[in-house]
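Before any comments, here is the structure.
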Amino acid sequence: MAATTTPLNQSFALKPQFETLKPTPHQSLTLKLSKTSTIDCEFKTFRNPRKWMVGCVSETNRHIGIVQNLVPSTISMEAGAALKKKDLKKVYLFYCAETKALAERVAAESDAIELRSITWRTFEDGFPNLFISNAHGIRGRHVAFLASFSSPAVIFEQLSVIYALPKLFISSFTLVLPFFPTGTSERIEEEGDIATAFTLSRILSNIPISRGGPTSVVIFDIHALQERFYFGDNVLPCFESGIPMLKERLQQLPDSDNISIAFPDDGSWKRFHKQLQHFPTIVCGKVREGDQRIVRLKEGDPRGRHVVIVDDLVQSGGTLIECQKVLAAHGAAKISAYVTHGIFPNRSWERFQQDNGGSPESGLTYFWITDSCPLTVKEVKNRRPFEVLSLAGAIAAALQI
């Protein structure tokens, strides 16, 4: 059969069987048709070489089937990246004083995020005197606020801003509250207990709606899973996790093939085991003996393993230390720890020391935390065994939802 050249501007009607063929990248495709021949062609369009296979049928059937053999190219990937960048929504990100460093890291993750500042002042009586700069400039824009409720003293001034921003005729509003601080007070055990987690949820559920609808509230690793149901229908809670950052960091370790995950109690196991199910698992349990909590090994074998204790938060650190002792007594080669929220009141982080050349009973090899609690990050910076995994990338991604 003589090779022929077909003008690129000619239209071809595709037979149904050609339309349903979907070759995968790098896959060769052969078309089997009665009384046909096939020729390989190379069409060069938009400076992008593409490989095609053209099936030419008999003279009585003038349909020509054209199927692309998908071959990735630099140009196509660049075009996809450009399209993706074009699709990103522009977000104006406000922040409080505590989250300034984290906000700068979030903005560095994406050109679509622009930082905006707030003037934080107080009157002589100590109550907030706040000002949102260039309020007219955010009309019709997507707006977010990066909060840190580190103490009751700062919650009121930030709530004042959070309630004000949606009313400035913005297109949408997202509140990023990495750490939900009242999460540990989520249930009533006897009459008279006050579940402050429910109280804070109700306060956040009454954030005014913006022109685009309800506020989105982004929270990382909330303490109790049932707390997601504490929020009302006027907000859209979005629950994220810091575990993907931990998994990425574990893959970078020289002994990444010798990692086991330990959960200090059943609550931690319920919260995280599905995200970490491809690791060998160790489960501990806490039992009360008088005023003491005793940690015991329930299942799993830590012998010779680099064991990483995983939990959502740490305060005094007592449970983690007891869990470390149990794992070391059962033969763990190394012990590290991860918590999304390093609260550490009263400088309790000082209780954690780095191990001495692989002595798991004397300290931790690593203690990973995220920057969800900015005040803690400042205190433990450059102090071993602590290492901070930033939530900046995850926050930047959440702002695009």
Side-chain angles (χ1 to χ4, degrees), residues 96 98-99 122 125-128 130 145-164 166 175-209 214-242 264-272 285-293 311-320 339-349 369-370 372-376:
C96 63
E98 289 180 14
T99 59
T122 58
D125 60 2
F127 277 85
L130 311 171
F145 180 74
L146 181 56
S148 176
F149 291 176
S150 60
S151 71
V154 301
I155 292 179
F156 178 67
E157 62 179 10
Q158 292 182 52
L159 282 175
S160 300
V161 171
I162 291 166
Y163 272 54
L175 168 63
V176 182
L177 181 62
F179 173 50
F180 188 71
T182 59
T184 55
S185 180
E186 84 286 2
R187 62 183 182 271
I188 297 174
E189 295 184 347
E190 63 176 317
E191 195 68 27
D193 284 342
I194 297 176
T196 53
F198 182 63
T199 304
L200 184 56
S201 298
R202 292 178 67 186
I203 292 173
L204 296 179
S205 296
N206 284 282
I207 298 173
I209 63 172
T215 294
S216 301
V217 182
V218 180
I219 298 173
F220 285 82
D221 289 324
I222 198 164
H223 180 66
L225 299 180
Q226 70 267 21
E227 291 173 352
R228 66 182 58 215
F229 305 111
Y230 289 2
F231 294 86
D233 293 337
N234 292 331
V235 295
L236 302 173
C238 177
F239 298 101
E240 299 289 338
S241 178
D265 52 37
D266 289 334
S268 176
W269 179 85
K270 291 177 182 177
R271 188 178 299 109
F272 294 126
K286 291 185 290 187
V287 295
R288 289 184 180 273
E289 292 187 3
D291 295 333
Q292 291 184 329
R293 287 188 177 183
D311 210 347
D312 63 315
L313 59 84
V314 59
Q315 296 207 43
S316 67
T319 298
L320 283 180
V339 295
T340 303
H341 311 296
I343 306 169
F344 295 117
N346 303 315
R347 297 173 64 91
S348 58
W349 52 266
I369 63 173
T370 74
S372 66
C373 299
L375 297 181
T376 298

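Quick caveat, the model's predicted, so the values are computed rather than measured.
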What residues, two or more places apart in sequence or in another chain, satisfy ring-ring contact (aromatic ring centres under 6.0 Å, His included) together with F149?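 For F149, no residue satisfies ring-ring contact (aromatic ring centres under 6.0 Å, His included) once neighbours in sequence are set aside.
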Nearest 0.5 Å please: distance from the [atom1] atom of [X] over to the [atom2] atom of [Y].
X: I155; Y: L177; atom1: CD1; atom2: CG; answer: 8.5 Å
X: F156; Y: I203; atom1: CZ; atom2: CD1; answer: 10.5 Å
X: I343; Y: L313; atom1: CD1; atom2: CG; answer: 4.5 Å
X: S216; Y: L236; atom1: OG; atom2: CG; answer: 5.0 Å
X: L130; Y: C96; atom1: CG; atom2: SG; answer: 11.5 Å
X: L204; Y: T215; atom1: CG; atom2: OG1; answer: 9.5 Å

By side chain to side chain contact (heavy atoms under 4.5 Å, CB included) - contacts of N346 (at least two apart):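 Not a single residue meets the side chain to side chain contact (heavy atoms under 4.5 Å, CB included) criterion with N346.
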Identify the two heavy atoms, one from [X] and one from [Y], that lie closest to each other, and give their separation to 0.1 Å.
X: D125; Y: F127; result: OD1-N, 3.1 Å
X: N234; Y: I209; result: O-CG2, 4.4 Å
X: V154; Y: S148; result: CG2-O, 3.6 Å
X: T319; Y: P264; result: CG2-CB, 4.0 Å
X: F179; Y: C373; result: CD2-SG, 3.9 Å
X: P208; Y: P166; result: O-CB, 3.3 Å

Less than 4.5 Å apart, side chain to side chain, heavy atoms only: is that true for L175 and I207?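 Touching, per the 4.5 Å side-chain cut-off.
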Give a yes or no on whether the backbone of [Y] and the side-chain of [X] come within a donor-acceptor separation of less than 3.5 Å.
X: S201; Y: Y230; answer: no
X: H341; Y: F220; answer: yes
X: R271; Y: D311; answer: no

Only counting residues at least two apart or in another chain, list the ones meeting side-chain hydrogen bond (donor to acceptor under 3.5 Å, both in side chains) with [X].
X: S150; result: E98
X: W349; result: E379
X: T370; result: S372
X: D221; result: S241, T340

Within a reach of under 6.0 Å around CZ of F239, are more than 12 heavy atoms found that belong to other residues, nucleotides or ligands? yes
